[in-house]
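Report on one structure; see the data block that follows.
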Amino acid sequence: MTTTERPASIGEARRATPWWRRPWVFPLGLLVTVFLVYSLPPYLGLNPAESRIPAPTGWYYPVLVTHIGFATIAMVTCALQIWPWLRQKHPAVHRRTGRVYVFAGALPASIAGFVIALAAPFGPVGAVSNVLLATLWFGCTLQGYRTARARQFGEHRRWMVRSFALCMSIISNRVWAILWAVVLPGQLDTTFGGSEVAMTQAIAGLTTWTGWVVPLLVAEWWLGRSRGRRRATA
């Protein structure tokens, strides 16, 4: 077993990281809570007329609600999974919460996301992005679970960081949507020839791509930086 695969000792597990060493924990939890409080209510009544996404008739809306339900579980459990105190002080809870994230959150949410991406009413550019996002989220999460089962804890952590970035990209997505909605309308008569439909699809396409690509790139940069620091101190 390599050093990257060695689990923490009992003594290490009991020495929980002080909260001030991880100042992002509380803001992340607050951000997830605020996002869900704002985003979920229109779907709790199961009324397609209240959907924030224009829902085609037929199967689309039920699958959309299914995706939202599983994704909600994924976001909550994912935030708990990266909480150092929980991981270090209560490893058994961490493992159980991880299984919930994988099997009742990320995997079913990504499958439902893949299906609705094929019929999303935002144009082909956005559809391709969402299909790729769902595929990568499924793959990273599954690989993270497999490496944990194999006790390859270093690789498990790396794959789950990627899964975390893709899971939380829905929040980044909303930020980018605001940015593109501010920037692009000034080009309505030039770039888009006066077509609001073309501009709307461009905003949706740019939003979906930047929403998950940027967080994933940041995650890869952070993982590379962390690996470089470990090699330097080895």
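Excluded from the calculations below are hydrogen atoms, water molecules and symmetry mates; all remaining heavy atoms, backbone and side chain alike, are included.
Nearest heavy-atom pair, V63 versus A112, reported as atom, atom and distance to 0.1 Å: CG1-O, 3.8 Å. Across all their heavy atoms, A177 and I203 have their closest contact at O-CG2, 4.5 Å. When all heavy atoms of M199 and L184 are compared, the pair lying nearest together is SD-O, 3.9 Å. For the residue pair M168 and M75, the shortest heavy atom distance occurs at CE-O, 3.4 Å. The two residues A106 and A74 come nearest to each other via the heavy atoms N-CB, 3.8 Å. Of all the heavy atoms in G144 and H156, the pair that sits closest is O-ND1, 2.7 Å.
Annotation: side chain to side chain donor-acceptor pair (under 3.5 Å) contacts involving residues 100-115, sequence neighbours excluded, comprise Y101-W137, Y101-S163. Legend: side chain to side chain donor-acceptor pair (under 3.5 Å) pairs involving residues 34-47, not counting sequence neighbours: none detected. Applying the side chain to side chain donor-acceptor pair (under 3.5 Å) test to residues at least two apart or on different chains, the pairs with a partner in residues 165-174 are S172-W176.
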Carefully, step by step, assess M160 and Q81 under the rule side-chain contact (heavy atoms from CB on, under 4.5 Å). CA-CA 9 Å; M160 295 313 288; Q81 282 302 93; over 6 Å; no
Hey, mind stepping through V197 and F192 against side-chain contact (heavy atoms from CB on, under 4.5 Å) and telling me if it holds? CA-CA 9 Å; V197 173; F192 304 106; over 6 Å; no
Assess the residue pair I116 and T66 against the criterion (side-chain contact (heavy atoms from CB on, under 4.5 Å)); give the C-alpha distance rounded to whole Å, side-chain angles, the decisive distance to 0.1 Å, and a yes or no. CA-CA 10 Å; I116 62 174; T66 299; over 6 Å; no
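Side-chain contact between V115 and W59 is present, with heavy atoms from C-beta onward closer than 4.5 Å. A heavy-atom distance below 4.5 Å is found between the side chains of F103 and Y145. Counting heavy atoms from C-beta outward, L64 and S51 have side chains that approach closer than 4.5 Å. No side-chain heavy atom of R158 sits under 4.5 Å from any side-chain heavy atom of T147. F122 is listed as a side-chain neighbour of I53, based on a closest heavy-atom distance under 4.5 Å. Residues L142 and W159 are not in side-chain contact: their nearest non-hydrogen atoms beyond the backbone lie 4.5 Å or more apart.
Formation of a donor-acceptor pair under 3.5 Å by the T141 side chain with backbone atoms of F138 is not found in this model. For the pair H67 (side chain) and A109 (backbone), a donor-acceptor distance under 3.5 Å is present.
Rounded to the nearest 0.5 angstrom, L179 CG and T210 OG1 are separated by 8.0 Å. Here NE2 of H90 is found 11.5 Å from CZ of R96. Values are rounded to the nearest 0.5 Å.
Scored by the side-chain hydrogen bond (donor to acceptor under 3.5 Å, both in side chains) test, T191 finds Q187 as partners (sequence neighbours excluded). Scored by the salt bridge (Lys or Arg N to Asp or Glu O under 4.0 Å) test, E220 finds R162 as partners (sequence neighbours excluded). With sequence neighbours excluded, the residues forming a side-chain contact (heavy atoms from CB on, under 4.5 Å) with V131 are F114, A117, L118, T135, listed by chain and number.
I68 and L36 fall within the same hydrophobic cluster, defined by Ile, Leu, Val, Met, Phe, Trp and Tyr side-chain heavy atoms under 4.5 Å apart, directly or through other members. By the rule that hydrophobic residues join a cluster once side-chain heavy atoms approach within less than 4.5 Å of another member, L136 and V128 end up as members of one cluster. With hydrophobic clusters built from ILVMFWY side chains whose heavy atoms lie under 4.5 angstrom apart, L166 shares a cluster with I111. One hydrophobic cluster, built from ILVMFWY side chains closer than 4.5 Å, holds both V125 and W212. A continuous path of hydrophobic side-chain contacts links I170 to I82 [ILVMFWY only; heavy atoms under 4.5 Å].
Other residues, nucleotides and ligands contribute more than 12 heavy atoms inside 6.0 Å of the CZ atom of R52.
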